[in-house]
Amino acid sequence: MGTTARGAAALAGAAVLALSGCSAGTGAPASAGGSGESASTADRVLRVAFNQPENHPQYIALDNMGDRLAEATDGALDIEVYPNETLGAQRETIELVQSGGLDMAYVAGPLLENFNPDFVAFNLPFTFDSQEHQRETLNDPEIVSDLYSSLDDEGIHVLGAFHGGVRSVYTSTGPVNTPEDLAGQKIRVIESDTNIEMMRLMGGSGTPMGQGEVYTAIQSGVLDGGENNELIYANLKHAEIAPYYSYTRHLMFPDYLIANPGMLESLTDDQREAFEEELAAAIEEEAELWEEQVTEAVATAEAAGAQFNEVDEEAFRTAIEPLIEQSLAGKDTARELHDAVTAAAE
């Protein structure tokens, strides 16, 4: 699916904002190649932490970006993506980016609320109408420039927003149709107060946990299920231990690619320009890969025993409504950001 002209311009603009206005950062760039596992012959290898497998669209898009970046910079720069939480869970990799021990990391949107609560504006249920709506608005400098640079002093700069899928609930106990069906069930959520409260309103008990621990936790009965998109559900083989996937479609929050501002400052002007162009291309490629892989993921999960069912979506929308107002109350900037995004869908 191609983006509109407005979308392409927004992506290019996002790359520009990601590479400018970073003087507040104090982190130093990580050494090239890091652990030495990279086979790249580039002069400098930018290391990226990722918590999903190599077949995930975000991994593929950034890996391909590295190939193009190496060519565009005549071998000066490359990117090495470390999948499957090799470098730690997302919270740990944020700390590594802050210290300058890691160049970049993919992190789920809610985690940045712990550093700036205004990020909640983009993590609320039913905020985006479509993947394209999300991609264009969250990579539009007019909307996000100030927010994405707001953590520079803490060693975190948001380079851009990638699509993280549409999240639904899956359980080991049976299909979910209404919030009442989640009563008493422990459902894994990403660590944030917003997500814990969201799951409470949906009828369950939100339990934060690193993604690498979820399979065993469901298998052993510590958890009853999780909430995620079809790709992660299939790739992590959660259909084997939680075969009931119910389409609540409650969230479409972004995954951010973050970097230490010091790494960005260390790039030459030519390298920044190449990085800017290839980042915009990676965001676009990732979106196309999502569309291709969702159908495949559903088929894979069904082959492993998954059962997919529709739910009473209006019942979940109604149940979650108080969270929107509660999350934006007293947060003028967050409300303005949320309003700007929702208005763009009209």
Side-chain angles (χ1 to χ4, degrees), residues 18-19 21-38 44-53 56 58-59 62-63 66 79-123 138 144 146-162 164 188-196 206-214 217 228 232 236 253-267 275 279:
L19 294 167
C22 298
S23 59
T26 58
S31 59
S35 64
E37 296 179 1
S38 172
R44 181 178 178 191
V45 179
L46 304 176
R47 296 178 302 147
V48 184
F50 187 45
N51 72 332
Q52 302 298 336
H56 192 283
Q58 291 173 4
Y59 178 96
L62 217 60
D63 189 50
I79 292 174
E80 180 77 6
V81 186
Y82 290 76
N84 299 312
E85 294 189 336
T86 304
L87 301 182
Q90 290 188 345
R91 176 170 287 280
E92 297 167 335
T93 63
I94 291 174
E95 294 174 356
L96 286 172
V97 168
Q98 288 181 288
S99 69
L102 181 63
D103 298 296
M104 295 180 283
Y106 275 120
V107 299
L111 290 178
L112 294 188
E113 291 180 38
N114 298 312
F115 299 90
N116 181 348
D118 289 333
F119 276 94
V120 73
F122 305 144
N123 301 329
L138 297 197
V144 301
D146 289 344
L147 183 68
Y148 286 5
S149 61
S150 66
L151 301 176
D152 284 2
D153 285 340
E154 298 184 52
I156 301 170
H157 188 84
V158 178
L159 296 167
F162 287 74
R188 183 265 178 180
V189 295
I190 290 175
E191 184 179 354
S192 83
D193 292 342
T194 301
N195 279 262
I196 293 171
T207 305
M209 184 177 293
Q211 190 64 268
E213 306 172 59
V214 175
N228 222 312
I232 292 177
L236 297 185
F253 60 68
D255 288 326
Y256 296 114
L257 182 64
I258 64 170
N260 186 290
M263 183 277 287
L264 298 175
E265 293 171 349
S266 71
L267 302 180
F275 192 101
L279 175 60

Fill in: I94 side chain near I156 side chain, heavy-atom distance below 4.5 Å
yes

Practice prompt. Can you spot which of L112, N123, V107, V158 makes a side-chain contact (heavy atoms from CB on, under 4.5 Å) with P254?
Written response: N123

Discussion item. So L46 and E80, do their side chains get closer than 4.5 Å, heavy atoms only?
Written reply: no

Practice prompt. With the side chain counted from C-beta on, respond yes when T207 and R188 share a heavy-atom pair under 4.5 Å apart, and no when they do not.
Written response: no

Worksheet item: Under the criterion side-chain contact (heavy atoms from CB on, under 4.5 Å), which of I258, L264, L159 is the partner of M104?
Response: L159

Fill in: Closest non-hydrogen atom pair between H157 and P261, with its separation
CB-CG, 4.1 Å

Discussion item. For the CG atom of L62 and the CG atom of L257, what is their distance to the nearest 0.5 Å?
Written reply: 5.5 Å

Worksheet item: At their closest point, which heavy atom of V48 faces which heavy atom of I79, and how far apart are they?
Response: CG2-CG2, 3.7 Å

Worksheet item: Does some side-chain heavy atom of S266 sit less than 4.5 Å from a side-chain heavy atom of R44?
Response: yes

Worksheet entry | G101 backbone acceptor or donor facing R47 side chain under 3.5 Å | yes

Item to complete: Could you pull out all residues at least two apart from E85 that satisfy side-chain hydrogen bond (donor to acceptor under 3.5 Å, both in side chains)?
Response: none

Worksheet item: What residues, two or more places apart in sequence or in another chain, satisfy side chain to side chain contact (heavy atoms under 4.5 Å, CB included) together with A108?
Response: Q90, P110, I190, F253, D255

Worksheet, complete the sentence: Interatomic distance, CZ@F50 vs CG@L87, rounded to 0.5 Å, equals 12.5 Å

Discussion item. Taking side chain to side chain contact (heavy atoms under 4.5 Å, CB included) as the definition, give me every residue that meets it alongside I232, ordered by chain and number, with sequence neighbours left out.
Written reply: Q52, H56, Q211, N228, N229, L236

Worksheet item: Are Y256 and Y106 near enough that their ring centres are under 6.0 Å apart?
Response: no

Discussion item. Would you say that more than 12 heavy atoms from the other residues, nucleotides or ligands in this model lie under 6.0 Å from the CG of N84, or not?
Written reply: yes

What donor-acceptor contacts under 3.5 angstrom involve side-chain atoms of residues 114-122, with partners at least two apart or in another chain?
from : atom 1 : to   : atom 2 : distance (Å)
N114 : ND2    : L111 : O      : 3.2
N116 : OD1    : D118 : N      : 3.0
N116 : ND2    : S150 : OG     : 3.0

Worksheet item: Short question: side chain of Y82, backbone of N51 - any donor-acceptor pair under 3.5 Å?
Response: no

Worksheet item: Residues in salt bridge (Lys or Arg N to Asp or Glu O under 4.0 Å) with E191, at least two apart?
Response: R91

Response to the item:
Applied to residues 83-102, the ring pair (Phe, Tyr, Trp, His ring centres under 6.0 Å) test, sequence neighbours excluded, yields none

Item to complete: Answer yes or no: is there a donor N or O on one side and an acceptor on the other, between the side chain of E154 and the main chain of L151, under 3.5 Å?
Response: no

Worksheet item: Closest heavy-atom contact between V214 and G210?
Response: CG2-O, 3.5 Å

Worksheet entry | Results of side-chain hydrogen bond (donor to acceptor under 3.5 Å, both in side chains) for T93 - residues two or more places apart only | none

